[in-house]
Amino acid sequence: MQLPSESEVKLWYQQHVNGGFLSLVSFMGLDSTEVEAEGWTVRTADGREFIDCVGGYGSYNFGHRHPAILAAVSEQLGRMPMSSKLLLNGQLAGLAHDLAQVTPAGLDYSFISNSGTEAVEAALKLARLTTGKPGVISATNAYHGKTLGSLSSTHRPSYQTPFAPLMDHFGEVPFGDADALEAAINEHTGAVMLEPVQGEGGIILAPPGYLTAVREITRRRGVLFIADEVQTGLGRTGRNFACEFEGVEPDMMVLAKSLGGGVMPIGATIGTARVWEKFQQDPLVHTSTFGGNELACAAGRAAIALLQSENLAQRAAENGRLLLEGLRALQARYPQVIREVRGIGMMIGIDTFSQDISQLFIANVIEQKVLVAFTLNRPKVIRMEPPLTMSASVISEVLQRMDTALAATAALMEQYGLAEPDAEIEAAPGPQGSSQGLQH
Ligand code: PLP
């Protein structure tokens, strides 16, 4: 199927997709059509070649079009891409088995869906089925997706308010404060759901000991612990799963993004035998037509195999250190732009002094043909989540281009008198300033 021309694409975005989105990306200099990608390179119809440091918000841990993932998907495509839904599905069984092998102990069963928010929805429903309680506590600035159940746990007023009322008994506590979490648990609470590192919240690392404390509290209070590793999973943080930093064994884990190997959409809700008990009695109580299709499961199995055979978590730890050190050196040179650089593995946030500054900085980085983006719940933080496989020489090239972009940003800030921190965002609660967290 041939792509429409550049002018048709823009016109049809305006007329048939979403004109607001077109304006948003045009402002950042990104109003050209993507046509091709491989590894960390994305090419556009107007002949530009970007180094991808957004990585599909954590979907390209293996890069774009990794040959091993392509081979697995192509082979399955030639055989049977989608399930009959009635017969047994070998790739689904294979993926569920592989997930049970690599995830923390006790997570033995999987339900496969098509996206992160679907994986969260399944976890919310299974928590209710298991405990009989409707309440879920998550953290301020959490991001768990935007379908109605997940959105009830995604605590950002601009996303939640237009859709109120949301789910009853969904509570919010400051991220990193175990005492506040314990105090918020009441007779309605069935589960606590947390990201080990808040991604869209602005790359906020769980303070040391927090996940362990949450596990202890939830166990003692008879509440399920759901770890949302949609963004942190599959090697991103320097471990296969970020829960491993503290050896935490949750009752459920949700995965998506890179589980599809950067080639297929997928979501996975992985849980213990206890969580699956009632689900096994009524296996049709939660289903999905496309969830668990052979094509996506083949991609997932190839992704897990690659994660292990290439020791990608270790590479993420090493590459992340290089990037973090380089960015901190840049922060020292441009302290008027960068407030803090924090992160773990290849999940790095550049915290600027205001949303205006971050927008200007992003536009300048894009001018240098590096793709970066702000975090959804905290737009003054720019995220870098490149493929874990990025070579040291490309990381060094990225840092050089960031240097040029920072110089341009600093000059423009001076020209426009842009130095005031954004008071509203600065005042947001939580341990945002802290670069102390999960440790290697
Ligand atoms: N959970 C986390 C931690 C995420 O970062 C995201 C998306 O960014 C989601 C859930 C929702 O995933 P999706 O956008 O695939 O629905």
Side-chain angles (χ1 to χ4, degrees), residues 21 54-61 103 111-127 136-156 158-160 163 170 172 175 191-206 211 214 225-237 239 241-243 250 252-270 288 290-291 296 299-300 303 343-349 372-379 381-385 430 437-438:
F21 182 79
V54 177
Y57 309 138
S59 303
Y60 298 115
N61 288 11
T103 53
F111 176 79
I112 305 299
S113 54
N114 309 285
S115 66
T117 198
E118 282 178 72
V120 170
E121 291 290 341
L124 298 176
K125 287 181 70 181
L126 287 173
V136 175
I137 297 171
S138 57
T140 300
N141 259 316
Y143 191 95
H144 297 291
K146 288 189 181 135
T147 50
L148 280 174
S150 307
L151 180 63
S152 306
S153 312
T154 291
H155 296 295
R156 187 180 186 203
S158 64
Y159 295 147
Q160 289 191 329
F163 303 101
F170 272 47
E172 173 185 352
F175 184 63
V192 165
M193 179 161 62
L194 294 169
E195 301 155 85
V197 179
Q198 287 194 320
E200 302 306 328
I203 315 292
I204 313 291
L205 280 62
L211 297 177
V214 173
F225 180 16
I226 305 168
D228 183 343
E229 295 239 20
V230 164
Q231 202 160 144
T232 50
L234 283 296
R236 171 61 51 193
T237 62
R239 296 288 175 99
F241 304 98
C243 277
M252 276 188 267
M253 180 184 275
V254 285
L255 299 174
K257 295 193 188 271
S258 282
L259 183 60
V263 173
M264 292 300 298
I266 195 167
T269 309
I270 310 142
S288 159
F290 289 134
I344 191 159
M346 289 286 258
M347 187 168 181
I348 295 176
V372 293
F374 53 80
T375 55
L376 284 180
N377 286 354
R378 193 170 292 276
V381 179
I382 297 165
R383 73 183 37 192
M384 295 188 76
E385 297 183 42
L438 302 171

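Order of appearance sets the numbers: ligands from 1, and atoms from 1 within every ligand. Only a predicted model underlies this, so the values are computations on that prediction, with no experimental measurement involved.
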Checking the side chain of E229 only, and the main-chain atoms of M253 only, is there a donor and an acceptor separated by less than 3.5 Å? no
Distance under 6.0 Å and angle within 45° of the ring axis: does K257 meet both against Y57? no
Would you tell me whether T147 and T117 have side-chain atoms, one donor and one acceptor, within less than 3.5 Å of each other? yes
Please check: side-chain N/O of R383 versus main-chain N/O of V54, any donor-acceptor pairing under 3.5 Å? no
Where the side chain of S115 meets the backbone of G267, is there a donor-acceptor pair that is under 3.5 Å apart? no
Lining ligand 1 at under 4.0 Å, by non-hydrogen atom distance, are residues S115, G116, T117, Y143, H144, G145, E195, E200, D228, V230, Q231, K257
Sidechain-backbone polar pair: Q160 side chain, L151 backbone, donor-acceptor under 3.5 Å: yes
